[in-house]
Every structure is written in structure tokens, then in C-alpha cells.
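Here's the structure, in C-alpha cells; my notes come after.
All chains are named by letter (A, B, ...) in the order of the sequence lines, taking the proteins before the strands, and each is independently numbered beginning at 1.
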Protein chains: 2
Amino acid sequence: MKRADRLFQIVNFLQGRRMAVTAERIADEFDISIRTVYRDIQDLIITGVPINGEAGVGYMLDKSYYLPPMTFDVEELEVLMLGAAMVSSWTDTDMSVSAQTLIRKVRNALSERDRETFEGIALFAPPSRARPPWNINFSAIRRAVRKKEKIHLDYSDEQGRSTERTIRPLSLVFVGPVWMMLGWCELRKDFRHFRLDRVNQATFTGEFFEDTPETSLQTYLDSLGYCDGLRP
Amino acid sequence: MKRADRLFQIVNFLQGRRMAVTAERIADEFDISIRTVYRDIQDLIITGVPINGEAGVGYMLDKSYYLPPMTFDVEELEVLMLGAAMVSSWTDTDMSVSAQTLIRKVRNALSERDRETFEGIALFAPPSRARPPWNINFSAIRRAVRKKEKIHLDYSDEQGRSTERTIRPLSLVFVGPVWMMLGWCELRKDFRHFRLDRVNQATFTGEFFEDTPETSLQTYLDSLGYCDGLRP
DNA sequence: CACCTTACTGACACTTTTTGTCAGCATGGT
DNA sequence: ACCATGCTGACAAAAAGTGTCAGTAAGGTG
């Protein structure tokens, strides 16, 4: 079991470094010889962990997230499947594709018999009627949230008046059939939310922001007393 | 690597048998000695796989689903988190709890740095307004779908007329803010769907059904030309 | 180009882990 | 009481993992 453990740890070690790591560094870390590192890495790759090695550089893990072996009960796995199906129905094409991939991956990991259990638990009528169409890239917004990149918005308010402002995107909020972006508005100096279907144009500024005590998502949540576990 | 592989396979082997399996049976299957089986099982348990052994009986895996180590890209993991959050907001309490558990499990499995990436991607306003409340147990219906147990329904149709019928539950369908149950109606001898918020009473009959070519979910889907990947 | 760094491979002796065998105890079911 | 089975300890044999060394290939840099 010693080796198996080490293999997990190596993945963990590689994960969360944006620079390449040399075999020597790994050997030092785990107190093993470089030769053994090469052997370990090879076995990891065989197992399907997406590690890339380059001579003269080192090792890098593909920007991917490694989950160790886990067990779920029926309900949890059902949530996973249901959730992915819902996402597939209610977001944009890019994400829908990812949702399908996720579902396929997980299904394939189950034994034949278990797969049947999750057959047809839930279907989703496409929300084409109810959902107002938006014309900005959903995926791009999620990326901006992750990277904390400011967005310049051309937005129509309830009265149809068009305004422009720069906001710090903090989160996406799904309220009915409508997606909204929650952000800190630099114009109003306050939290605001923007319906995606009312955004005329979104420009990604390439400017990044840091959370401050006044502008952080946490602050907003606290101000709502939003502690009921609805946060992902 | 041989042993690590076998450990996975043993879990796979245990999974999907409702009767207990003896160590001897496992030893035969993998062509190893019984002693080794005991050692393997112990290591699996240490790793967290929920295996129960009883003297005089054999081994049983808790009704749980084991996922081998997997890698996801950002998008896929985001779908998982988003989906679970959506399920948490839009289904009943039981399932909401499972959704929270799922989210917690996955978050814990990620490295500290990665966790931040998935902070606050999406929030969900509780759908209390839009969603008509239902008074039957969502979880129980899902169980009936899984077990293929007939349900006796007291249902109010669009005109408010109350009818009773026995149906074979096939799937749950989420159409807007509304959940519906898709089933084969034994009264009408056809597929029908029933809004959960219009169900007055549901009785689980304890009677089970087998899919037939005429009454299967697949048949229904085929009749719709429903092949756009929206199925979980 | 020369030179350095690093990934990668093969071979072989050495070390550690895994395995099978055997012997015995504990427990659940009949 | 008896059987089937889980579970543990000990020890030698088998297998897998490891370090060392020697060498090749592929990036990067001056």
C-alpha cells in the first residue's frame, strides 16, 4: 500500500502548481530516487492521470482536477446525475457539452448493473419557452468570475434605458428561468445584479480585481443572512 | 501495480450483487489465496470503502457506488458543483441534503487551491415563488422509479376534476419551475405526465412492473425523437 | 553551434512488499 | 453441537518495487 499512497500524493503534489516540476524535486519531496519517480509517473499516466513531461522542463498536470476514489450513496449519485442533466438543459451549449461528458464519464465508471439504476430517473424538457435567450457567452462570464476579471457592461434596465458600467463579477445566480450575474458595480459602488438577457454587450477588460472587505461575495452573503447552504 | 488494480476490481466485483459474497468466492475469481482476500478487504476498508463482513455469511458492500479515481476538467467539475447546487435549490429537503453532502465530499477531495476556484461560481435564489409546492414525497417517487413500483394516484387534472388511476412511474421531468412525473397510465393504456403539484395523494402499491416494449421509457423517448442528449 | 538541464530507458543487484500455507480463534446460522 | 465463514499471526517463498549506473533524446540558452 505504500506505493499506491505515494502515487496519490504525487498527483496531489503536482496539482496546484502552475510551474513545471522536475523529477528531482519530486524525488526530494518523497525521499525516493529519481528513477523511481520516472517509474511512478509512468504508472500514473497509464492509470489515466493527465501528466505531461517535457525534457528540459519538468512535469505538468493538465489543467484538470483529480478526484481520488470515492463512494457515494444512491442519493448523492442521483444528485450528481440529475444536476448534470439540469445544467445541460439550462445553460449554454459549451456547458451542456461538459455536462454530457460528465454524465458519460460517471456512467462508464459504474458497473453495468448500477448504470440501469440511473437510467431515466429524470428527463428535462428544454427550457426554450420559459428561458429568455441571452446573447453573451455564459462560459466567458464564468471564466471572468474565476479569474476575477472586470467586465464592462452595456445593460438595459427595467425601463429599457441603456447604461454602461464596469462591474466586478462575483457570481451567477439562477432565479427562475432567468440567469443573473451578481457583481460589484464600480459606478454605483454597490452590489447589483444583472439579468443576462438584458445585457446588450459585455467586454472583458483584461483588468483584474482583488476582493476587498467591502466588495467581496462573502460580504454580500453576510448582508443577506444567506447561510442556508444554498451556496455551492 | 498489480495489487492496486486488483483492489479496484474487487470493489467492482462486490458492487452489483445483492447477496453476500464469501472470501472463497473472491479468491477463486481473482485466482489468489483466501488469506490474500482478507488482507485486501482490510486495506479496502481502511481506504474507506464501505464493506461489511459477517462470519458465516460473507461480504457485502453497503448500497453505495464506488467511483474509481477520475480526472475532470474545470468545466466538468463546474457542472458537477452547479448541478448539485441547482438540485439543492429545486427539489425536496431530502435531496437537498444529499446535494450538500455531495458538494462537501467533492470539495474536500480537492486541494486547498482548487477549492477557491469553485467558490461562488453560482448561487441559487430559492425558487419559493415560482415553484408550486407539492405535497408528495419527491424522494419516494424517485425510489419508485428505480424499483419499478406501481403508484396509485389521486390526481386533479387541468379542470380541477379529481381522478384516480394506477401508473407505472418511468421518470421525473422538470419543465419550468414544475416537476412532472412521466408514467404509463394503466387506465388510459398510454403515456401520461402528472404535475407533482396536482397530485392529491400517492399510494405506493407494493406491486412491481416489468418494462414491456409498449410501456418502456425508451419507447416513449423514441416516439418523441428524443435523442438530443438531454437524457441523464 | 556548444552546453546545460531534464525526461526517459534498460540492466542488475538489493530491499521491501505481497503472497500462500498452516494453525488457531471468534461468530452467526442451523 | 456443528458447520461455514470471518479474521489474525507467523514464516518462508515469490513478486514487486527500488537504487545505482550508464546511456539516449529533446528542449532551452548563450
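- A cation-pi geometry, defined here as NZ or CZ lying under 6.0 Å from the six-membered ring centre and within 45° of its normal, holds between A:Arg17 and A:Phe13.
- Put simply, CE on A:Met60 is 15 Å from C1' on C:dT6, counting in whole angstrom units.
- Taking the 5' to 3' direction, DNA chain D first and last meets chain B under 4.0 angstrom from a heavy atom at D:dA4 to D:dG17.
- The neighbour count for B:Glu24 CD, taken as heavy atoms of other residues, nucleotides or ligands under 6.0 Å away, does not exceed 12.
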### Task
Would you check, one step at a time, whether the test side-chain hydrogen bond (donor to acceptor under 3.5 Å, both in side chains) holds for A:Gln100 with A:Ser88?
CA-CA 7 Å; A:Gln100 294 305 320; A:Ser88 171; 2.8 Å; yes
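- Ring orientation note: the planes of A:Tyr66 and A:Phe8 are tilted relative to one another, at an angle of 30° to 60°.
- Of the inter-residue distances, the one linking A:Thr166 atom OG1 with A:Phe209 atom CZ reads 12.0 Å to the nearest 0.5 angstrom.
- Dashed line: the shortest gap from a side-chain N or O of A:Gln42 to OP1 or OP2 of C:dT9 is under 4.0 Å.
- In this structure, CG of B:Leu44 is placed 13 Å from P of C:dT18, rounded to the nearest angstrom.
- Taking 4.0 angstrom as the limit, B:Arg6 places a side-chain polar atom (N or O) nearer than this to OP1 or OP2 of C:dT19.
- Atom-to-atom, CZ of A:Arg25 to P of C:dA7 comes out at 13 Å; the value is rounded to the nearest Å.
- Between B:Asp40 atom CG and C:dT17 atom C1' there is a gap of 13 Å when expressed in whole angstrom units.
- In this structure, A:Asp5 atom CG and C:dT17 atom P are separated by 12 Å, rounded to whole Å.
- Summary of the strand contacts: B:Thr36 and B:Ala55 both lie near DNA chain C, and taking for each the nucleotide with the nearest heavy atom, the more 5' one is attributed to B:Thr36.
- Residues that satisfy the salt bridge (Lys or Arg N to Asp or Glu O under 4.0 Å) test with A:Glu78, not counting sequence neighbours, are B:Arg142, B:Arg146.
- With DNA chain D read from its 5' end, the first of the two nearest nucleotides for B:Glu24 and B:Arg35 is the one closest to B:Glu24.
- Nearest heavy atom pair, residue B:Glu186 against residue B:Arg168, reads OE2-NE, 2.9 Å.
- Rounding to whole angstrom units, OH of residue A:Tyr38 and P of C:dT9 are separated by 10 Å.
- For A:Tyr59 and C:dC8, the shortest distance from a side-chain N or O to OP1 or OP2 is below 4.0 Å.
- Taking atom CD1 of B:Ile34 as the reference point, atom P of C:dC25 lies 19 Å away to the nearest angstrom.
- Nearer the 5' end of DNA chain D, as judged by each residue's closest nucleotide, is the contact made by B:Val21, out of B:Val21 and B:Arg39.
- Across all strands, B:Ile32 comes closer than 4.0 Å only to sugar-phosphate atoms, never to a base (heavy-atom distances).
- We find that CD1 of A:Ile26 is positioned 15 Å from C1' of C:dT5, with the value rounded to whole Å.
- Between C:dT17 and A:Lys2, a contact under 4.0 Å exists linking OP1 or OP2 to a side-chain N or O.
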